[in-house]
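Here is the structure we will look at, set down as structure tokens.
Residues take their numbers from the sequence shown, with the count starting at 1. Since we're looking at a predicted model, the values are computed, not measured.
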Amino acid sequence: MTYYEEFGIRPDASVKDIRQAYRKLVRLLHPDGQVDPILKRMAERQMQRLGEILTTLTDPGKRSHYDDMLLLGNPLQ
């Protein structure tokens, strides 16, 4: 699964669309919404991953590199 698929967006999505998708996922997966300690830790890890994806897709250089890796069949996942 690519970063774009994880965010539910197209590969040509704008930065605005990427940030909107990120915010939706944060609302859905935020650790504060979990009571169970195990689920809370899982949600915390997922939030870290979402942050890494956001950083990659909103930085033009990192996004270009990621897209190049996708074309080569070797996404950074």
Which pairs pass side chain to side chain donor-acceptor pair (under 3.5 Å) with one or both residues in residues 7-18, sequence neighbours excluded?
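Qualifying pairs: R10-D12, S14-D17.
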Sort and list the pairs that fulfil side chain to side chain donor-acceptor pair (under 3.5 Å) and have at least one residue in residues 33-45, not counting sequence neighbours.
none
Please answer whether the main-chain N or O of P60 pairs with a side-chain N or O of S64 as donor and acceptor at a distance below 3.5 Å.
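Checked: no pair found.
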What residues form a side chain to side chain contact (heavy atoms under 4.5 Å, CB included) with E5, not counting sequence neighbours?
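Residues passing side chain to side chain contact (heavy atoms under 4.5 Å, CB included) with E5: M1, T2.
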Hits for side chain to side chain contact (heavy atoms under 4.5 Å, CB included) against T58, two or more places apart or cross-chain, chain-then-number order -> V15, I18, R19, L54
Any chance you could pull the hydrophobic cluster mates of I38, using side-chain heavy atoms under 4.5 angstrom and chaining through other members?
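Besides I38, the hydrophobic cluster comprises L39, M42, listed by chain and residue number.
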Any chance you could measure H65, atom NE2, to L70, atom CG, to the nearest 0.5 Å?
10.0 Å
Pairwise side-chain contact, T56 with I53, heavy-atom cut-off 4.5 Å (strictly under):
no
Criterion side chain to side chain contact (heavy atoms under 4.5 Å, CB included) against Y3, the qualifying member of R49, R63, E52:
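Checked R49, R63, E52 against Y3; only one passes side chain to side chain contact (heavy atoms under 4.5 Å, CB included): R49.
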Would you give me the side-chain donor-acceptor pairs under 3.5 Å for residues 20-33, sequence neighbours excluded?
residue : atom : partner : partner atom : Å
H30     : ND1  : D32     : N            : 3.0

